[in-house]
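Read through the structure below, which is laid out as structure tokens, and then see the notes.
Each ligand, and each atom within it, is numbered from 1 in the order the structure gives.
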Amino acid sequence: MKARRTIAAALSVLALTAVAACGKDGSPTANADDAAPKLPTYQVKTDAKLDGSPTWKKAKEKGRLTIGAKADQPFLGFQDVATKGRSGFDIEIAKMVAADLGFGPDQIDFQTIVSANRETAISKGQVDYYVGTYTINDKRKALVSFAGPYLVAGQDLLVLKSNTAITGKDSLAGKNICSATGSTSIDRIESTYKGKVVKYDTYAQCVEKLLTDEVDAVTTDDAILKGYAAKNPTKLKVVGDPVSKEPYGVGLNKDDKVLQAAISASLKAHEDNGDWKKAYDATLGLSGSTAPAVPALETSS
Ligand code: GLU
């Protein structure tokens with residue numbers, strides 16, 4: 001209960017900053033003109049058929065797809081507390097894949113799942129697949145399957161703009177560094193940064209603690225941190241010393257190889273037809289990053 005209240009408080013802080021900087025759909029009002037990058041729309045396949053995929057069969061019978069996502073990561077996986085609308089690059093990846101599986105945006109139920117709960121949610125069938133800054137690695141592959149990578153991020157640091165002492169991984173001894181439980185980022189605090197670990201369920205909670213000076217830095221993927229910095233540019237900055245490669249994959253049931261192949265094919269098709277780039281420009285692009293080259297997909301994850 002306490003954790004839920006803290007999450008709600010953190011989300012409302014984000015919501016306030018989002019309201020100040022954004023239009024209703026999460027795009028900055030300053031860019032809300034004809035020149036602003038537009039989100040693509042995805043043609044829903046009416047003849048989609050995944051023979052041998054238990055996940056797809058169950059969703060088809062229900063007529064709805066359940067997708068796990070983040071809700072507190074601006075430009076990646078974000079939920080507007082007032083409208084409940086979701087926006088961000090991961091949400092677009094989720095939707096383009098859904099369209100190829102035969103589900104339109106009105107047939108998707110997004111479920112917010114924090115980093116620590118992803119493997120359980122996927123393996124228990126609580127979600128049909130998961131799209132939320134989810135690094136593909138061998139430890140996770142023992143529990144779930146991945147399609148991807150569809151983006152590669154790198155672990156970095158977020159600090160107060162006024163902070164001149166923290167300049168990279170070698171300036172963190174003895175500092176309080178905040179990250180999310182169950183993430184690859186938290187594992188690196190002790191090994192790479194040699195700092196003191198402060199854990200929360202979400203990165204938004206860490207950002208709140210940074211703004212109130214209760215921690216010295218927040219660490220996770222640069223793609224996530226740039227979003228927070230872009231929402232609060234007068235107070236926050238990304239240090240710019242990436243220490244890892246984080247290939248993002250769509251997480252799905254370990255045994256559903258048919259679904260894995262279908263999601264991989266879908267990612268490839270939308271990368272090739274330009275949707276991927278358009279989606280990037282209209283989401284992460286707004287946090288100040290230019291679209292990188294599309295990473296090569298793993299043949300089987
Ligand atoms: N990409 C990292 C991970 O999957 C950090 C971001 C996150 O927690 O979602 O652990």
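Residues Phe146 and Gly251 come closest through the heavy atom pair CD2-CA, 4.1 Å.
Side chain to side chain, Thr184 and Glu246 meet the donor-acceptor criterion of an N or O pair below 3.5 Å.
In this structure a side-chain-to-backbone donor-acceptor pair under 3.5 Å is present from Gln79 to Lys84. In this structure, the side chain of Asp222 does not engage the main chain of Ala153 through any donor-acceptor pair within 3.5 Å. Checking side-chain atoms of Asn176 against main-chain N and O of Lys196 turns up no donor-acceptor pair under 3.5 Å. Without hydrogens or angle criteria, Arg118 side chain to Ser115 main chain gives a donor-acceptor distance under 3.5 Å. The backbone N or O of Glu119 lies less than 3.5 Å from no partner atom in the side chain of Tyr130, so there is not a single donor-acceptor pair.
Judged as a side chain to side chain donor-acceptor pair (under 3.5 Å), the pairs with a partner in residues 96-108 (not counting sequence neighbours) are, in order, Asp100-Ser266, Asp100-His270. Counting only residues at least two apart or in different chains, disulfide (SG to SG under 2.5 Å) contacts with residues 194-236 comprise Cys178-Cys206.
Of all the atoms in ligand 1, the ones that sit under 4.0 Å from a non-hydrogen atom of Ser185 are 5 (C). The distance from ligand 1 to the heavy atoms of Thr220 drops below 4.0 Å at these ligand atoms: 5 (C), 6 (C). Close contacts between ligand 1 and Thr133 involve ligand atoms 1 (N), 2 (C), 3 (C), 4 (O), 6 (C), 7 (C), 9 (O) [criterion: under 4.0 Å to a heavy atom]. The Tyr248 neighbourhood of ligand 1 comprises atoms 1 (N), with distances under 4.0 Å to a heavy atom of that residue. Ligand 1 places these atoms under 4.0 Å from at least one heavy atom of Gly132: 9 (O). Of all the atoms in ligand 1, the ones that sit under 4.0 Å from a non-hydrogen atom of Ser183 are 8 (O), 10 (O). Listed by number with element, the atoms of ligand 1 under 4.0 angstrom from any heavy atom of Ser115 are 7 (C), 8 (O), 9 (O). Set against the non-hydrogen atoms of Tyr134, the atoms of ligand 1 under 4.0 Å away are 4 (O).
Not a single N or O atom of Gln73, backbone or side chain, sits closer than 3.5 Å to an N or O atom of ligand 1.
At least one heavy atom of Ile224 sits less than 4.0 Å from an atom of ligand 1.
Residue contacts with ligand 1, taken as heavy atom pairs separated by less than 4.0 Å, involve Arg118 solely via side-chain atoms from C-beta onward. With a 4.0 Å heavy-atom cut-off, ligand 1 is reached by the side chain of Lys70 but not by its N, CA, C or O. When heavy-atom distances to ligand 1 are checked against a 4.0 Å cut-off, Asp221 comes that close only through its side chain, counted from C-beta outward.
Atom 4 (O) of ligand 1 has as its closest protein heavy atom Arg140 NH1, 2.8 Å.
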